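Worth saying up front: this structure is predicted, and the values here are computed from it rather than measured. In each ligand, atom 1 is the first atom listed, and ligand 1 is the first ligand listed. All residue numbers in this chain count up from 1 along the given sequence.
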Amino acid sequence: MDLDLRSLTHAELSEQLKAGGAPAYRSEQVFRWLHDHAVESVDEMTNIPQGVRDALGTSVPLRPLRMDVVQAARDGTRKLRFRTTDDLAIESVLIPDDDEERDKLTLCVSSQVGCAMDCGFCATATLGYGRNLTAGEIVEQVYRATKLAGRRPTNLVFMGMGEPMHNLDNVTRALGLLQHPWGLHFSPRRITVSTVGLVPGIEKLGRLQPAPNLAISLNATTDEVRDRIMPVNRKWPIAKLLEAARNFPLSHGRRVTFEYVLLAGVNDSDADADRLIRLLRGMPCKVNLIPWNGFEGPEFARPSAERIRSFQERLRAAGVAVYIRSPRGDDIDAACGQLAARTEPGTDLATIRTTRPIPAIPPIPSISPIPWAPTTS
Ligand code: SAH
């Protein structure tokens, strides 16, 4: 999909406006409309002359998201479903802290429609791959959630639908836009990008200045098991993945997060805990244990509370920083791995999957030239 207006960097927006004959100061105004006021139409840019708005909207369309449904869970979690202009559904999740005192508000955003990684335990995988979200569609989830919540989320995690490293060009663009002082001015320390383990993507993310936090969905301690539940492991096995994690640049006090979905009888034994300890030895990291969240289909089960606790205890006794992630918003299918944006029949991604090729994994991200021609107005 071509770039949309909200995907443009400030420099690109300036160029676009200049080509249309608008004075330089317009670019700051337009950028603020897009990223601070989060307009849904160029006609909301009231201090911009109509001619400039029209030229801009015609040369690079805005393609705003439409907020479709907001569901509230008993624990205060809210799931937001959006529709893209080509009528595909994506979801974001707003998660307030369990402890209100801390005032933390985390937003979980999607990076793709569906996902191509095909992890056996994940509901998004059942949708297959739809398409990459543009940077504009990624940041707009944040802006719309901010409006809904009445405040900017304190933390952003790329843990919604999709594999961010499979769409790293647009995710990188989105990170730049989110950090811009004329937009939400997010600190990269408050942003976490989570990956199944596309090694070249991890290397690329680590070269960003500044880099956001990295989370890796490890989920197994042997290649045999990981190959089975996460096909990506056949290309980048555990040793390669952990090498990339060790090489990820960490500024003072930061750690890599490892997510570990606990599946009864698959990856939750004492032997798994011991292997995990060995794998992570010496790495500044923390482990988030995520008891499997169910959905219709696969033959997995969540381990008993007792098993989960003893797995955690074993790691803790060995000095690993380890936390259990309680399922948030599971009564509205908003918990980890439950995002499937199921809607009416007919909009199922399976239809799209058969008509669109899945891009190669991983697309080695590059700073691509901007794919639109300057306008002649
Ligand atoms: N593709 C990225 C971003 C998605 S994050 C990644 O895999 O990291 C979603 C997180 O939820 C991942 O850690 C994934 O392992 C986990 N997850 C997926 N399905 C789950 C399920 N059914 N129950 C619990 N966690 C799940």
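A335 does not count as a contact of ligand 1, since none of its heavy atoms falls under 4.0 Å from the ligand. Within the structure, ligand 1 lacks S111 among the residues with a heavy atom less than 4.0 angstrom away.
H166 and A116 make their closest contact through CE1-CB, 3.7 Å (heavy atoms, listed as atom of the first residue, atom of the second, distance). Among all heavy-atom pairs drawn from L218 and R226, the shortest one is O-NE, 2.7 Å.
Under a 4.0 Å N-O distance rule, the pair R307/D268 does not qualify as a salt bridge. Ion pairing between a basic and an acidic side chain is recognised when a charged N comes within 4.0 Å of a carboxylate O; R207 and E203 show no such pairing.
By the 3.5 Å distance cut-off applied to N or O atoms, P291 is not counted among the residues near ligand 1. At a 3.5 angstrom cut-off on N or O pairs, C336 counts as close to ligand 1. By the 3.5 Å distance cut-off applied to N or O atoms, F121 is counted among the residues near ligand 1.
For atom 20 (C) of ligand 1, the closest non-hydrogen atom of the protein is G337 CA, 3.3 Å. What sits closest to atom 12 (C) of ligand 1 on the protein, heavy atoms only, is S217 OG, 3.1 Å. Protein heavy atom at the shortest distance from atom 10 (C) of ligand 1 is E259 OE2, 3.8 Å.
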When you look at Q112 and N167, which way does the side chain to side chain donor-acceptor pair (under 3.5 Å) test go after all the steps?
CA-CA 7 Å; Q112 297 179 314; N167 183 20; 5.8 Å; no
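By the 6.0 Å and 45° rule, R152 stacks over the aromatic ring of F186.
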